[in-house]
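Below: one structure, written as structure tokens.
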Amino acid sequence: AEMKRSASDASYASARDVPFRVLCKTFEMIQRAKSGASRKETRAKRYRALDWFHDGYLQGKRDGGCRADAFEAYRLLIPSLDKERGVYGMKHDALAKTVIAAFDMSRASKDAVKLEEWKKNGGGNFAMAVYEVLSAGHLAGRAPDEDVVTIGEVNDALDALTACGNREERAPVLRKVFNKMDATQVKWICAIILKETKLHMGDKLILRHYHRDAEMLWDWT
């Protein structure tokens, strides 16, 4: 049922226009696929999640196949392979301080301390620690559809982030998109920045899903 698109879903002119929450839902479905299933069933569920995302939101009407502008989405889906974007200059601890600043948290607050001690929270998973802090406090009342931030806006923000030299410059860039996100979306943008999406699905398998020759083309280039 969760893979069905509602009748109100629009047909997007570009992958940039697709809501980022749709990609986050795909991430969540891929991660949940391993729960209580055999290896074969898990792999099939993960492919169905990619089918749902690709066929519902990235399929070109005219060519009936993969849209060229799907790159906008796939660079977020497999951030470890994105070589076009510069480096962010941030690891976990620096990102924690930037998130704290972006949400105007007091460094002495309970939430800020939880983020800075992220290894003790979220099972050593920084993005999950961010989710737990935000879903319990700062973004507890925000509905997923309250505001819509698009895949294009996320990519623009990440591009802007690479041009920043310090936390004071990075915080406003992230604050702008965070203001439109729920806790789940903030969790995934942090995972993308760290290139730690932890989908348990190889990059080459995801490329192969896009097109059977995509893996070969990637190796060539």
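Note that the structure is a prediction, hence the values are computed from the model and not measured.
The number of heavy atoms from other shown groups lying within 6.0 Å of NZ (Lys97) is above 12. Surrounding NZ of Lys91 are at most 12 heavy atoms belonging to other residues, nucleotides or ligands under 6.0 Å away.
Applying the salt bridge (charged side-chain N to carboxylate O under 4.0 Å, His left out) test to Arg212 and every residue at least two apart in sequence or in another chain returns nothing. Glu153 is linked by a salt bridge (charged side-chain N to carboxylate O under 4.0 Å, His left out) to Lys180, counting only residues two or more places apart in sequence or in another chain. For Arg175, the side chain to side chain donor-acceptor pair (under 3.5 Å) test picks out Asp104, with sequence neighbours left out. Partners of Tyr131 by ring-ring contact (aromatic ring centres under 6.0 Å, His included), not counting sequence neighbours: none found. Every residue two or more places apart in sequence or in another chain that forms a salt bridge (charged side-chain N to carboxylate O under 4.0 Å, His left out) with Asp156 is listed here: Arg16. With sequence neighbours left out, the side chain to side chain contact (heavy atoms under 4.5 Å, CB included) criterion links Ala94 to Met90.
Of all the heavy atoms in Ala160 and Val173, the pair that sits closest is CB-CG1, 4.0 Å. Annotation for Pro19 and Val148: closest pair CB-CG1, 3.9 Å, computed over non-hydrogen atoms. Here the closest heavy-atom approach between residue Leu207 and residue Ala214 is recorded as O-CB, 3.2 Å. Considering every non-hydrogen atom in both Ala15 and Leu58, the closest pair reads CB-CD2, 3.7 Å. Residues Ala157 and Val177 approach most closely at CB-CG1, 3.8 Å, considering heavy atoms. Closest approach of Ala171 to Ala101, counting heavy atoms only: CB-CB, 3.7 Å.
Residue pairs meeting the salt bridge (Lys or Arg N to Asp or Glu O under 4.0 Å) criterion with at least one member in residues 157-174, sequence neighbours excluded: Arg85-Asp159. Listed by first and then second residue, the ring-ring contact (aromatic ring centres under 6.0 Å, His included) pairs involving residues 186-207 are Phe27-Trp188 (not counting sequence neighbours).
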For residues 75-82, which side-chain donor-acceptor pairs fall under 3.5 Å, sequence neighbours excluded?
from: Arg75; atom 1: NE; to: Asp82; atom 2: OD2; distance (Å): 2.9
from: Arg75; atom 1: NH2; to: Asp82; atom 2: OD1; distance (Å): 3.4
from: Arg75; atom 1: NH2; to: Asp82; atom 2: OD2; distance (Å): 3.1
from: Ser80; atom 1: OG; to: Asp203; atom 2: OD2; distance (Å): 2.9
from: Asp82; atom 1: OD1; to: Glu84; atom 2: N; distance (Å): 3.1

Test log, rule side chain to side chain contact (heavy atoms under 4.5 Å, CB included), inputs Tyr74 and His209: CA-CA 11 Å; Tyr74 272 79; His209 178 273; 3.9 Å; yes

Check against side chain to side chain contact (heavy atoms under 4.5 Å, CB included), Asp93 and Glu116: CA-CA 7 Å; Asp93 293 342; Glu116 292 197 319; over 6 Å; no

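Taking a cutoff of 4.0 Å between a charged side-chain nitrogen and a carboxylate oxygen, Lys187 and Glu132 do not qualify as a salt bridge.
Annotation: side chain of Asn125 is not in contact with side chain of Glu196 (no heavy-atom distance under 4.5 Å). A heavy-atom distance below 4.5 Å is found between the side chains of Leu158 and Val154. A heavy-atom distance below 4.5 Å is found between the side chains of Leu174 and Ile193. Annotation: side chain of Ile192 is in contact with side chain of Phe20 (closest heavy-atom distance under 4.5 Å). Looking at heavy atoms from C-beta onward, Met105 lies in side-chain contact with Val133 at the 4.5 angstrom threshold. Side-chain contact between Met128 and Trp118 is absent, with no heavy atoms from C-beta onward closer than 4.5 Å. Between Lys25 and Arg21 the shortest side-chain heavy-atom distance does not fall below 4.5 Å. Residues Lys45 and Met29 fail the side-chain proximity criterion, which asks for heavy atoms closer than 4.5 Å.
In this pair, Phe178 and Phe103 present their aromatic rings parallel. The plane angle is below 30°, not in the 30 to 60° band. Using cut-offs of 30° and 60° on the angle between ring planes, the pair Tyr210 and His54 is perpendicular.
Interatomic distance, Leu161 CG to Thr98 OG1, rounded to the nearest 0.5 Å: 7.5 Å. Here the straight-line distance linking atom CG of Leu50 with atom CD1 of Ile30 works out to 4.5 Å at 0.5 Å rounding. Atom CD of Glu28 is separated from atom CG of Leu199 by 10.0 Å, given to the nearest 0.5 angstrom. To the nearest 0.5 Å, atom CG of residue Leu115 and atom SG of residue Cys190 are 8.5 Å apart. Annotation: the span from Asp182 atom CG to Cys24 atom SG amounts to 7.5 Å, rounded to 0.5 Å. One finds the OG atom of Ser106 at 9.5 Å from the CD1 atom of Ile100 (value rounded to the nearest 0.5 Å).
Grouped by direct or indirect side-chain proximity (heavy atoms under 4.5 Å, Ile/Leu/Val/Met/Phe/Trp/Tyr only), Met216 sits with Leu217, Trp220.
For the pair Gln31 (side chain) and Lys198 (backbone), a donor-acceptor distance under 3.5 Å is present.
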